[in-house]
Amino acid sequence: MPIAQAADFTDISNSPYAPAIEELAKIGMVQGYEDGTYRPKQSINRAEFIKILMATKYQRQVDYQAQSDKSCFSDIPSPVWYRPYACVAQDREVIDGYADGSFGAENSVNKAEAAKILYQFYFEDPVRPGSPWYLAYYEGLEKKNAFFNFFDEEPESPLTRGQMAFAIQQFSQYPAVSLAPPPIEGTTELAFDKPRETQSVVDVTPTPLPAPEPVTSIPSQPTVSFPATPAPTPTSSDFEISPLYVVEGTHPGPQVSGGYISTYSQWQTANYAASVNNKTLDRTEAHRIGNLVLKSVNDARVAAGKERMIFNADLQDVAQNFAEHLVINAVYSHSDMLGNDPFERAKLASIPGFVAENIVWRRRDPETAIGWWKNSAVHWNNVSNARFTKAGVGVTKEPNGGYIIVMMQGE
């Protein structure tokens, strides 16, 4: 593995991938060798490729994984540096490993394998098996306007370190910025040629996701009486993990990585426009309502024979931030506009353990939140689960008069 970081590598001046290499090196995403070289034409092995790829989005989860002794592949010793990256990649179904259960850390990544890994890392849509095996992934990337023509340069040939840097640098901007065509090896020009008859994706705007199906209406629920005395007011600083501004582009779609909401399969656009002015509920009032919701949740837990959950200010800050992000961006989902689900948001806030999330939206209000959760098995499983010992609630008001209530629970 490379062990020296540098932005001024001695051997990239004539590489068409130099801008991408330099950009990633500046942020510590790629490294060079002790002799000051980057070696852009050298092949990259599976351990290096997965490490760099996972660090672009899931470093927090990798750090969390590193605290355990989990062994995810038969040929990975627990202490080795790439173990947590490979385990997170396996958990997120980015890589499958070989038939014998091995990872093959030192094996070179060929272009066909790189196309499959990149597709499974960035996209949720399944592909249909075909022949040759990688054709489905090539076609899937083409449909997403994300196909690089160097994949077609002998698919079984190794992906180079320069090509890897270019692909990751481009995908780091996608879909907000259209992917650029890859440079031509041996020049500094961009390649607009289309080696495959079916290739049609060079410097074009990404195809938007299809419009989601509307959520079916929920019958009115019995109201819940809130007590007059709220829970303690949070004292920690507010987290801004999900941006409190309008994020340009289409919602990335369901990005739930596991747990009790793993069956969640849709996202919704609101019937009002995205705007920073959508956030109108004062934080003090939001916390007051959130504390009352938590009090009512705890009353319901006690009635079900469970212990009360302890108020946690960090969880409440994350939940409050996410609720406001949703209303500003006029979207309903368990994932924010950056694709971070509850588990990612908790990790970004350095919240340990396991979390779950319940949401109420679409012109509902805090009084009916508990009643609605009681009538949904998956939501009630969260509310009443004895494993959860801490919780926080975020509340914000929508332009249409309703509320968004987000409850995060921690074990």
Side-chain angles (χ1 to χ4, degrees), residues 1-5 20-21 23-33 38-39 42-124 137 158-172 174 255-259 338-341 343-352 354:
M1 180 186 178
I3 56 177
Q5 292 186 357
I21 295 168
E23 182 177 331
L24 294 185
K26 286 178 182 178
I27 60 175
M29 195 61 65
V30 298
Q31 298 174 326
Y33 292 86
Y38 177 77
R39 306 176 192 177
Q42 179 175 295
S43 62
I44 186 168
N45 66 37
R46 285 168 60 83
E48 292 173 326
F49 185 68
I50 291 301
K51 183 266 183 185
I52 295 169
L53 187 63
M54 300 310 292
T56 65
K57 189 176 182 181
Y58 299 121
Q59 186 61 52
R60 290 278 185 173
Q61 186 174 347
V62 169
D63 293 341
Y64 186 76
Q65 180 65 250
Q67 299 174 23
S68 75
D69 294 324
K70 177 181 178 181
S71 180
C72 46
F73 291 100
S74 61
D75 59 340
I76 296 184
S78 183
V80 73
W81 63 266
Y82 55 81
R83 179 192 59 81
Y85 295 96
C87 289
V88 172
Q90 184 193 56
D91 288 343
R92 291 187 168 274
E93 299 181 348
V94 175
I95 56 174
D96 307 315
Y98 295 103
D100 62 358
S102 64
F103 173 60
E106 298 300 322
N107 295 348
S108 295
V109 177
N110 64 39
K111 295 183 175 72
E113 291 172 332
K116 177 183 178 181
I117 291 170
L118 288 169
Y119 184 90
Q120 294 186 156
F121 182 81
Y122 288 104
F123 305 112
E124 295 284 322
Y137 297 100
L159 184 77
T160 69
R161 285 169 51 80
Q163 291 166 339
M164 174 276 301
F166 179 81
I168 289 180
Q169 183 260 352
Q170 285 294 302
F171 267 112
S172 69
Y174 178 90
Q255 299 280 332
V256 177
S257 61
L338 303 182
N340 292 321
D341 62 26
F343 311 98
E344 287 302 314
R345 296 194 299 274
K347 290 181 178 67
L348 289 171
S350 299
I351 294 172
F354 190 78

Legend entry - Cation over ring face, R161 and Y38, 6.0 Å, 45°: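 Geometry flag: set, cation within 6.0 Å and 45°.
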
Inset, instruction - Determine, step by step, whether Y137 and E113 satisfy the side chain to side chain donor-acceptor pair (under 3.5 Å) criterion, reporting the C-alpha distance in whole Å, the side-chain angles of both residues, the deciding distance to 0.1 Å, and the verdict. - result: CA-CA 9 Å; Y137 297 100; E113 291 172 332; over 6 Å; no

Atom [atom1] of [X] and atom [atom2] of [Y]: how far apart are they, to the nearest 0.5 Å?
X   : Y    : atom1 : atom2 : answer
C87 : M54  : SG    : CE    : 10.5 Å
D63 : Q59  : CG    : CD    : 4.5 Å
S43 : N107 : OG    : CG    : 10.5 Å
Y58 : E344 : OH    : CD    : 6.0 Å
M29 : L53  : CE    : CG    : 10.0 Å
L24 : S172 : CG    : OG    : 7.0 Å

Does the side chain of [X] reach to within under 4.5 Å of the side chain of [Y], using non-hydrogen atoms?
X    : Y    : value
Y122 : I117 : no
F171 : T56  : no
I44  : T160 : no
F103 : I95  : yes

Which atom pair, heavy atoms only, marks the closest approach of [X] to [Y]?
X    : Y    : result
A114 : L159 : CB-CD2, 3.8 Å
N340 : R345 : O-NH1, 2.8 Å
Q163 : K111 : OE1-CE, 3.5 Å
I21  : V30  : O-CG2, 3.8 Å
S108 : P158 : CB-CB, 4.4 Å
V62  : P84  : O-CB, 3.6 Å

Inset, instruction - Please find out if less than 6.0 Å separates the ring center of Y82 from that of F49. - result: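 Between Y82 and F49, the centre distance exceeds or equals 6.0 Å.
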
Under 3.5 Å: donor-acceptor pair, side chain of [X], backbone of [Y]:
X    : Y    : result
R92  : F121 : no
Q90  : C72  : yes
Q169 : A20  : no

Inset, instruction - For D75, enumerate each residue passing the salt bridge (Lys or Arg N to Asp or Glu O under 4.0 Å) test, keeping only those at least two apart in sequence or located in another chain. - result: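 Partners of D75 under the salt bridge (Lys or Arg N to Asp or Glu O under 4.0 Å) test: none.
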
Legend entry - E48-Y85 side chain donor-acceptor pair, cut-off 3.5 Å: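 No.
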
Inset, instruction - Report the C-alpha separation of K116 and D96 in whole Å, then their side-chain angles, then the decisive distance to 0.1 Å, and conclude whether the salt bridge (charged side-chain N to carboxylate O under 4.0 Å, His left out) test is met. - result: CA-CA 10 Å; K116 177 183 178 181; D96 307 315; 2.8 Å; yes

